[in-house]
Amino acid sequence: MRFLVIALLVLSFNSLSLNSSLAATRAPSGQSTAASSGSGLPVTGMVVTTHPLYLIAQAVTQGIEKPVLLLPPNQSGHDVQLRPADRQRLKQANFVLWFGAQYEAPLASVLKGQPNAMALFDLKAFKRLPLRDAQGKIFANSLDPHLWLEPANAVGIAHAIAAVRARQFPQYASRYQHNAQAFGQRLMAQANQYRSPVARPYWAYHDAYQYLERSLNLNFKGSLTVEHDLPPTIRQLAWLQQQRPQLKNGTIYPMCLLAEGHADPATLKRLHPVKVQTIDEIMSGEQDFVVGWQKLAQDIAVCVKT
């Protein structure tokens, strides 16, 4: 029922042009038709901005079209750098899917008023969580943009893509919808396997993983810093040590720290004992979203296990 609501919201999204005749004739720069692109697939023209969206879109469009990824796989929405060719590709696409200004701020001016673009954050859908400071306090009227890490959100994104493309290309509607359903079943089956029966505490270098907390039953105990490019303060490291749980026998709890490779040895020494698990939340090295999410879940499950 939730995903039906998402599909209806997409179809009522006034600023998005869903003209099927336009969609059939417009393709990203360098792709005039499906035949000329060499893919041999019947549909072309979809551009997605970041790698997590690409992986989801790829699953939904399998066997029908091959979406175009705008940014390099290792480039997050926080670090958008556009070339002239990228701007041209966005204008020529028949459907551009992006998260929104809260994650891909430089794209806001480029896509403003562009009828072929849909920002997922503009849909009144998905499970949304606010930003938190390094001690877990909520920033009012904020949005944590990493919503694809919540499996239900990823499935919702898949159904949103299927709804748009089914409207633009009704002859393939059943195939888009079938692919979205299959993606959802695969992902939710994996998500159900990794939920711990006991809430497991963890630290983050910066708070980018809270959309995984429900699925994995994680208990956030603070982050080293608010921004990934800012160093932690001595005061914050001391606060984290104060929040560390103790085992029943009184020994110090070996905390799991989820990071992106930023923690230096001196910082880790102050947090000892600590286990560091590198997390790539944009799954830059993956070719399949479900496999990428499963690897994240496996790595975290090992890290938080005492």
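Here the structure is a predicted model, which means the values were calculated and not measured.
Transitive grouping of hydrophobic side chains (ILVMFWY, heavy atoms separated by less than 4.5 Å) brings Leu82 and Trp98 into a common cluster. Follow the hydrophobic side-chain contacts under 4.5 Å out from Phe126 and you never reach Ile138; the two are in separate clusters. Linking ILVMFWY side-chain heavy atoms closer than 4.5 Å, directly or via other members, places Trp203 and Leu247 in a single hydrophobic cluster. Hydrophobic clustering (ILVMFWY, side-chain heavy atoms < 4.5 Å, transitive): Phe99 and Leu69 are in one cluster.
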Would you please test Tyr176 and Gln168 for side-chain hydrogen bond (donor to acceptor under 3.5 Å, both in side chains) and show each step? CA-CA 11 Å; Tyr176 284 118; Gln168 291 180 311; over 6 Å; no

Stepwise side-chain hydrogen bond (donor to acceptor under 3.5 Å, both in side chains) test for Tyr202 and Glu213: CA-CA 10 Å; Tyr202 80 101; Glu213 289 173 8; 2.6 Å; yes

Dump the intermediate steps for side-chain hydrogen bond (donor to acceptor under 3.5 Å, both in side chains) on Thr44 and Glu65, then the final yes or no. CA-CA 6 Å; Thr44 189; Glu65 61 177 310; over 6 Å; no

Applying side-chain hydrogen bond (donor to acceptor under 3.5 Å, both in side chains), run through Asn94 and Arg165 and close with a yes or a no. CA-CA 10 Å; Asn94 56 48; Arg165 294 314 251 175; 2.7 Å; yes

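Scanning both residues, Trp293 and Ser215, for their nearest heavy atoms gives CZ2-CB, 3.9 Å. Shown here for Gly100 and Ala119, the closest heavy-atom pair between the two residues is CA-CB, 4.0 Å. Between Val48 and Ala57, the shortest heavy-atom contact is CG1-CB, 4.0 Å. The two residues Leu149 and Leu212 make their nearest non-hydrogen contact at O-CD2, 3.5 Å.
Within the structure, the side chain to side chain donor-acceptor pair (under 3.5 Å) test picks out the following pairs touching residues 52-64 (sequence neighbours left out): Tyr54-Gln58, Tyr54-Lys66. Listed by first and then second residue, the salt bridge (charged side-chain N to carboxylate O under 4.0 Å, His left out) pairs involving residues 267-277 amount to none (not counting sequence neighbours).
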Cut-off 3.5 Å, no hydrogens considered: what does the side-chain donor-acceptor table look like for residues 295-302, sequence neighbours left out?
from   : atom 1 : to     : atom 2 : distance (Å)
Lys295 : NZ     : Glu286 : OE1    : 3.4
Lys295 : NZ     : Glu286 : OE2    : 3.4
Gln298 : NE2    : Tyr194 : OH     : 3.0

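Residue Tyr103 forms a side-chain contact (heavy atoms from CB on, under 4.5 Å) with just one option from Leu147, Leu120, Thr50, and that option is Thr50.
For Arg195, the side chain to side chain contact (heavy atoms under 4.5 Å, CB included) criterion is met by Asn217, not counting sequence neighbours. In this view, Pro72 and Asn74, Gln75 satisfy the side chain to side chain contact (heavy atoms under 4.5 Å, CB included) rule, not counting sequence neighbours. Applying the side chain to side chain donor-acceptor pair (under 3.5 Å) test to Thr225 and every residue at least two apart in sequence or in another chain returns nothing.
The closest side-chain heavy-atom distance from Phe139 to Arg132 is not below 4.5 Å.
With Arg128 contributing its side chain and Ala125 its backbone, the two residues share a donor-acceptor pair below 3.5 Å.
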